[in-house]
Structures are given as structure tokens and as C-alpha cells.
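Have a look at the structure below before the remarks.
Heads up: numbering here begins at 1 and tracks the sequence. A quick note: this is a predicted structure, and the numbers were derived from the prediction, not measured.
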Amino acid sequence: MGHLLRDSDAMTITIGAPELINGREGRRVLAEFYGELLGMRQFEPYGWLKLARRPPDEDCVAGRTTDGGSRLQLALDGDGWSDQRPPRWPDPEYPQQLHLDIVVPDAEAADKLVLGLGATLLKHQATFRTYADPAGHPFCLHPDQTLTGEGVRVQRLVFDCLSPPVLASFYQGFLGIESRLEDSPEWVVLDLDDDDLPNLAFQHARFPAARWPDPAYPAQLHVDYRFPDGAPAAMERAERHGAIRFPVPGNIYSDPAGHPFCL
């Protein structure tokens, strides 16, 4: 099963960071938090603070992971943060917009780890737990006892939206994803069939959509996509399937539900 990200250099999920968290640089606090949880290491290409499942080296600094490392990266950046509307799950007026579903081999050990790193338990669900990271971004920990060693990983990137089937159709066309693992009016999961990259999930929610770069309607998280066929082909494909390009420098788009992404 193929998709257009399979042979790409990387997919980067950028998490908005406040300037300070408890008197420390917010980016560093979040980098340490997610790095420890996911077993990722920090590197700084061109002034960005990023995390990847591999030691930093020349290839990594250039933004490439072609030597066998994970193609998923996390970035910590102030661009997606606004003190006017920080995430306050489950308040829909302060929405999460996107969140990470993370699988762990031991729920109790993971609970102790994230709480010790500054997370807050928001809700103990029937089969998983929802937390807020030190900046307030929600994420979920799902236990999977079949995982061993470095099995902790981002299993799904979850998009809030009014119509999961409609938004899922956009990403299927844009990314060339064929299969839906789950498909209902309120919950859709797209199968990337890729050990390096998370599946994409879409859940029904009502909330004020992001209006980047308006600080009153910030984009708490956004995704950078890099395709082997290059930015022009990706731009044409995104626009053909309904994305809207922002009138600013750079290849910055909004999906049909208002979530910004970059090419």
C-alpha cells in the first residue's frame, strides 16, 4: 500500500510553545518533555528546535533522515502559540485543534514519567488517559502491552473538525492515502501503513477554527510536509483538493477545516 509520504524526507509536527514555562524557555521545556517521553533527541537546524529519533549530525541538520532514522520529527516553536487563547481542553472556546495519540507499553510507568516531567492528568478514560503537556496541549496515552523496548511512539495525529469524513477525504487526495482503518460520521482513521509515521485520525468537534496568523485564533499545532516530487507538485495537489493558500511568503496553506500546514 502506498502513499505520497512514504518516500519523503520527513513529516514535522510543530507544537506551539509559550515564551516561558515556569521561568524557563518554553521551547526547551517542551523539547525536554517530548524528548524524554518519545525517546527523541534535540537538534537545531537553522535556528529551529527539533526532535528526532536519532542523534543529530550533518544530515539531520540539513533536515534529512535518509540514513535510516525516523522520518517523523517534532518541532517546538512560538509561532503556534498565543496567550490570548491557550489550549484548555475540554473547553471548546480554547480548543486543542490537533493532538497526539501516543502508545506506551506500561500505562502506570508512563503516567509516573509524564507527571514527573510536568504533565497534568486531565481525564482517566476507560481504555486510555488524557493529559496536558507543560504548556497545556492535550495528548493521550494508550497502553499496548505488546510493545517492548523503544516501543513508545506517536500512533495517531488527531484532527478536530466538524465533518471527519469530509476532512479525511481531503487528506486522502492530498497525501494519496488509500485505506481507512475506521470510518464513521464522528471518527475516521486513515492508514499510512508506515512504521515511521503516525496514522491520521479525524474526530467530530465544534470549536473556533484557527485563523492563522490571528493571535485570537491561533494554530496550536501544525504539520510541515516534504514530498519527493517537490513543493510545486504538492501545491497543485493541495489546491486541487480544496486547500487555501495564505497570501504570505512561503508555501503556507489551510486545509478545508482551517488547520494550517506548510509545504
Taking a hydrophobic cluster as the set of Ile, Leu, Val, Met, Phe, Trp and Tyr residues connected by side-chain heavy atoms closer than 4.5 Å, whether directly or through intermediates, do [X] and [Y] fall within one such cluster?
{"X": "Leu117", "Y": "Val152", "answer": "yes"}
{"X": "Trp81", "Y": "Leu74", "answer": "no"}
{"X": "Phe207", "Y": "Phe202", "answer": "no"}
{"X": "Ile252", "Y": "Ile244", "answer": "no"}
{"X": "Val29", "Y": "Leu115", "answer": "yes"}

Can you sort out the partners of [X] under salt bridge (Lys or Arg N to Asp or Glu O under 4.0 Å), two or more places apart, ordered by chain and number?
{"X": "Asp229", "value": "Arg237"}
{"X": "Asp77", "value": "none"}
{"X": "Arg24", "value": "Glu32"}

Determine, step by step, whether Val104 and Asp144 satisfy the side chain to side chain contact (heavy atoms under 4.5 Å, CB included) criterion, reporting the C-alpha distance in whole Å, the side-chain angles of both residues, the deciding distance to 0.1 Å, and the verdict.
-> CA-CA 6 Å; Val104 297; Asp144 183 347; over 6 Å; no
According to the side-chain hydrogen bond (donor to acceptor under 3.5 Å, both in side chains) rule, which pairs have a member within residues 243-257, sequence neighbours left out?
->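 Only Tyr171-Asp255, Glu239-Tyr253, Arg245-Asn251 qualify under side-chain hydrogen bond (donor to acceptor under 3.5 Å, both in side chains).
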Sorted by first residue and then second, give each side-chain hydrogen bond (donor to acceptor under 3.5 Å, both in side chains) pair with at least one member in residues 199-209; sequence neighbours left out.
->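 Output for this query lists Asp160-Gln203.
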Between atom [atom1] of [X] and atom [atom2] of [Y], what is the distance when rounded to the nearest 0.5 Å?
{"X": "Phe43", "Y": "Leu49", "atom1": "CZ", "atom2": "CG", "answer": "9.0 Å"}
{"X": "Leu100", "Y": "Tyr34", "atom1": "CG", "atom2": "OH", "answer": "5.5 Å"}
{"X": "Trp48", "Y": "Arg27", "atom1": "CH2", "atom2": "CZ", "answer": "9.5 Å"}
{"X": "Leu167", "Y": "Leu162", "atom1": "CG", "atom2": "CG", "answer": "10.5 Å"}
{"X": "Tyr131", "Y": "His99", "atom1": "OH", "atom2": "NE2", "answer": "13.5 Å"}
{"X": "Leu175", "Y": "Leu197", "atom1": "CG", "atom2": "CG", "answer": "10.0 Å"}

Taking only residues two or more places apart in sequence or in another chain, which ones pass ring pair (Phe, Tyr, Trp, His ring centres under 6.0 Å) with Phe33?
->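 Ring pair (Phe, Tyr, Trp, His ring centres under 6.0 Å) check on Phe33 returns Phe139.
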Who passes ring pair (Phe, Tyr, Trp, His ring centres under 6.0 Å) against His259, sequence neighbours left out?
->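 In terms of ring pair (Phe, Tyr, Trp, His ring centres under 6.0 Å), with neighbours along the sequence ignored, His259 is linked to Phe159.
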Does some side-chain heavy atom of [Y] sit less than 4.5 Å from a side-chain heavy atom of [X]?
{"X": "Phe128", "Y": "Asp101", "answer": "no"}
{"X": "Pro86", "Y": "Tyr94", "answer": "yes"}
{"X": "Glu36", "Y": "Leu113", "answer": "yes"}
{"X": "Leu51", "Y": "Arg41", "answer": "no"}
{"X": "Pro138", "Y": "Gln96", "answer": "yes"}
{"X": "Pro198", "Y": "Leu72", "answer": "yes"}
{"X": "Leu5", "Y": "Asp194", "answer": "no"}
{"X": "Ile102", "Y": "Cys140", "answer": "no"}

Distance-only donor-acceptor hits, side chain of residues 10-23, under 3.5 Å, sequence neighbours excluded:
none

What is the minimum heavy-atom distance between [X] and [Y], and which atoms define it?
{"X": "Asp224", "Y": "Cys262", "answer": "OD1-CB, 3.1 Å"}
{"X": "Gly242", "Y": "Pro256", "answer": "O-CG, 3.9 Å"}
{"X": "Ala257", "Y": "Cys161", "answer": "CB-CB, 4.1 Å"}

Residue pairs passing the salt bridge (Lys or Arg N to Asp or Glu O under 4.0 Å) test where at least one lies in residues 125-134, sequence neighbours excluded |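 Sorted result for residues 125-134: Glu108-Arg129, Asp111-Arg129.
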Run the side-chain donor-acceptor check on residues 210-220: report pairs under 3.5 Å with partners two or more places apart or on a different chain.
residue	atom	partner	partner atom	Å
Trp212	NE1	Asp79	OD2	3.3
Asp214	OD1	Ala216	N	2.9
Gln220	NE2	Arg85	O	3.0

With no hydrogens and no angle check, is any side-chain donor or acceptor of Arg53 less than 3.5 Å from a backbone partner on Asp196?
->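 No, the answer is negative, given that no donor and acceptor are paired below the 3.5 Å cut-off.
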Counting only N and O atoms by type, is there a donor-acceptor contact under 3.5 Å from the side chain of His241 to the main-chain atoms of Phe170?
->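 Not confirmed, His241 side chain does not pair with Phe170 backbone.
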Other than Leu122, what residues sit in its cluster of Ile, Leu, Val, Met, Phe, Trp and Tyr side chains whose heavy atoms are under 4.5 Å apart, directly or through others?
->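 Reading the cluster by chain and number, Leu122 sits alongside Trp89.
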Residues clustering with Val189 (ILVMFWY side chains joined when closer than 4.5 Å, directly or via others) |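 For the cluster that includes Val189, the remaining residues are Val158, Leu181, Trp187.
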In sequence, state the C-alpha distance, the side-chain angles, and the governing distance for Glu93 and Arg88, and then conclude on side chain to side chain contact (heavy atoms under 4.5 Å, CB included).
-> CA-CA 8 Å; Glu93 288 301 311; Arg88 296 177 185 172; over 6 Å; no
Centroid-centroid distance, Phe261 to Phe246, less than 6.0 Å =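 Between Phe261 and Phe246, the centre distance exceeds or equals 6.0 Å.
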Note: Arg180-Asp183 ion pair, threshold 4.0 Å (strictly below) =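 Here Arg180 pairs with Asp183 in a salt bridge, since their nearest N and O are under 4.0 Å apart.
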